[in-house]
Student: 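Take this structure, written in structure tokens, and hold onto it; I'll ask about it next.
Side chains included, hydrogens not; waters and symmetry mates left out as well; all remaining heavy atoms used. What you see is a predicted model, and the numbers here were worked out from it, not measured in a lab. Chain letters run A, B, ... following the sequence lines, proteins first, then strands; residues in each count from 1.
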Protein chains: 2
Amino acid sequence: MSLLQAANTRERLLQAAAALIWERGYQATGVDELCARAEAKKGSFYHYFPSKIDLAIAAIESTWQQVENGVFKPIFSTDLSGMEQLSQLVAKVSELLLVNTGDRKMILGCPFGNLGQEMALHDERIRVVLQNIFSAHCAYIESALNKAQREAEIPAGDNAQRAKNIFALLEGCLLLAKVDKDLNVFRHTMPVVRLMASA
Amino acid sequence: MSLLQAANTRERLLQAAAALIWERGYQATGVDELCARAEAKKGSFYHYFPSKIDLAIAAIESTWQQVENGVFKPIFSTDLSGMEQLSQLVAKVSELLLVNTGDRKMILGCPFGNLGQEMALHDERIRVVLQNIFSAHCAYIESALNKAQREAEIPAGDNAQRAKNIFALLEGCLLLAKVDKDLNVFRHTMPVVRLMASA
DNA sequence: TATAATATTTACTGACCGGTCAACTATACG
DNA sequence: CGTATAGTTGACCGGTCAGTAAATATTATA
């Protein structure tokens, strides 16, 4: 098998891990199951990653990279107004948490929030990775608030703090949607975001 | 052993389950471990509960009962103003999520939010129980908003929706605090709650 | 082509998990 | 009493889990 295909094996493991951990969580995802999904043998798994938790860390970092490039950068580098950027983010979020898991569309919640809730107290390395990813989320939100403030869309204020609160609200809505099996929560969150940005 | 002591065994199992599941989550809590903490043998466990998940359900319902009687009812039956009730709730929440686990004080987050994130997609029974508990939370918040509205503390508005958003914000802050290992998020959330109540 | 490094495969641990079972003990009640 | 019922105990499953080992195959390099 060529180096290209070899790289594919690692990539497939990463992708399978990201998908399965998002669907079922870290602990409920078995290594065997994961290998099956990646069409790799367990030996290969442990050739590329020293342990299950190392794969999880690599997978979540890879997921964030994809989300950042596929969602955040496109939205926050447009010349839309700051508030319009945030509006697009909320729309994207409430559309992305509904995922095709093969059998059904399910509300999986936030891949980072899920993992944080499950693993932050169990593994310090994962906790720190997630903390940084959360931080990155907030930085994007803050940048939009700064833009909105520059363009006099919102009054001056502590945008870093505003960003954190907005992010917390979003994560909370994600949890509510998951437990309620209902996306309707999100139909009312953008007005609240506007409010939080304006005070 | 008397009936009284027998009742104690069941109660000890419930209490141990509530504590351990809050600390480590459902899946990371072993039946053996749980029995050890409750000073009961595994046979006794399965005498009182048909399965691990049944104990978890009973434990989370029991936890909610305690929280409702120990936190919600005392706060929301005072004759404090609606907004002052909410302020007390936020204060209580940010104080209760910091728990002595024996070795250290740790930020465990919300027992219901944690379990919902972990189990909502795995077990439909737990999901429904948690959905109802969330609903109950929101009802208390809504009652305070209604009071505040009656007493002209806040303008008229959709208090049910406001309550949901406030609850989501709180759950999000709980998650942030846990992942950041830092309670400071809560120093800025009451002003936001006031804001959300007033729009 | 020889050789070394990398990748894949198969088979296999050993520990742990939730759950079962049957024997034993204590209590309640007629 | 005696007997049914409730509670307790410790030994014991079968399955699953993350992780390992060693042989084999593939590729890169010279």
Student: Name the atoms and distances for all side-chain donor-acceptor pairs under 3.5 Å in residues 35-43 of chain B, with sequence neighbours left out.
Tutor:
{"residue": "B:Arg37", "atom": "NH2", "partner": "B:Glu23", "partner atom": "OE2", "Å": "3.3"}
{"residue": "B:Lys42", "atom": "NZ", "partner": "B:Asp32", "partner atom": "OD1", "Å": "3.0"}

Student: Distances under 3.5 Å between protein N/O atoms and the N/O atoms of nucleotides 20-23 of chain C, please, pair by pair.
Tutor:
none

Student: Return the value, rounded to whole Å, for the distance between atom OH of A:Tyr48 and atom C1' of C:dT9.
Tutor: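 A:Tyr48 atom OH is separated from C:dT9 atom C1' by 13 Å.
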Student: Quick one: list whatever passes salt bridge (Lys or Arg N to Asp or Glu O under 4.0 Å) with A:Asp182, sequence neighbours left out.
Tutor: none
Student: Could you state the atom-to-atom distance from CG of A:Leu13 to P of D:dG19 in whole Å?
Tutor: 14 Å
Student: To the nearest angstrom, how far is A:Arg10 atom CZ from C:dA7 atom C1'?
Tutor: 14 Å
Student: With B:Ile53, which residues qualify under side chain to side chain contact (heavy atoms under 4.5 Å, CB included), at least two apart?
Tutor: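 Only B:Tyr26, B:Ser51, B:Met119, B:Asp123, B:Arg125, B:Ile126 meet the side chain to side chain contact (heavy atoms under 4.5 Å, CB included) criterion with B:Ile53.
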Student: Measure from CG on B:Leu34 to P on C:dC17 and round the result to the nearest Å.
Tutor: 12 Å
Student: Heavy atoms from C-beta onward define the side chain here; which of C:dC17, D:dG10, C:dT9 lies closest to that of B:Asp32?
Tutor: C:dC17
Student: Between C1' on D:dG7 and CD on B:Glu11, what's the gap in Å once rounded to a whole number?
Tutor: 16 Å
Student: Indicate whether OP1 or OP2 belonging to C:dT8 is found under 4.0 Å from a side-chain N or O atom of A:Thr9.
Tutor: yes
Student: Go through the structure and list residues passing side chain to side chain contact (heavy atoms under 4.5 Å, CB included) with A:Leu174, not counting sequence neighbours.
Tutor: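 Scan of A:Leu174 (side chain to side chain contact (heavy atoms under 4.5 Å, CB included), adjacent residues dropped) gives A:Val93, A:Leu97, A:Cys110, A:Glu171, A:Phe186.
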Student: Are OP1 or OP2 of C:dT8 and a side-chain N or O of A:His47 less than 4.0 angstrom apart?
Tutor: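 No, A:His47 has no side-chain N/O under 4.0 Å of OP1/OP2 on C:dT8.
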Student: Just checking, any donor-acceptor pair under 3.5 angstrom between side chains of B:Gln27 and B:Glu118?
Tutor: yes
Student: Tell me what A:Lys52 touches on the nucleic acid: a base, only sugar-phosphate, or nothing, going by heavy atoms under 4.0 Å.
Tutor: sugar-phosphate
Student: How close or far is atom C1' of D:dA18 from atom CD of B:Gln27, stated in whole angstroms?
Tutor: 15 Å
Student: Send over the distance from A:Phe45 CZ to D:dG19 C1', rounded to a whole Å.
Tutor: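 In whole Å, D:dG19 C1' lies 9 Å from A:Phe45 CZ.
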Student: Quick one, A:Ile154 and A:Arg162 - any side-chain contact, counting heavy atoms below 4.5 Å?
Tutor: yes
Student: Quick one: which of D:dT9, D:dC17, C:dT10 gets closest to the side chain of B:Ser44?
Tutor: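 When the side chain of B:Ser44 is considered, D:dT9 is the closest of D:dT9, D:dC17, C:dT10.
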Student: With A:Glu124, which residues qualify under salt bridge (Lys or Arg N to Asp or Glu O under 4.0 Å), at least two apart?
Tutor: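 With sequence neighbours excluded, A:Glu124 shows a salt bridge (Lys or Arg N to Asp or Glu O under 4.0 Å) to A:Arg127, B:Lys181, given in chain and number order.
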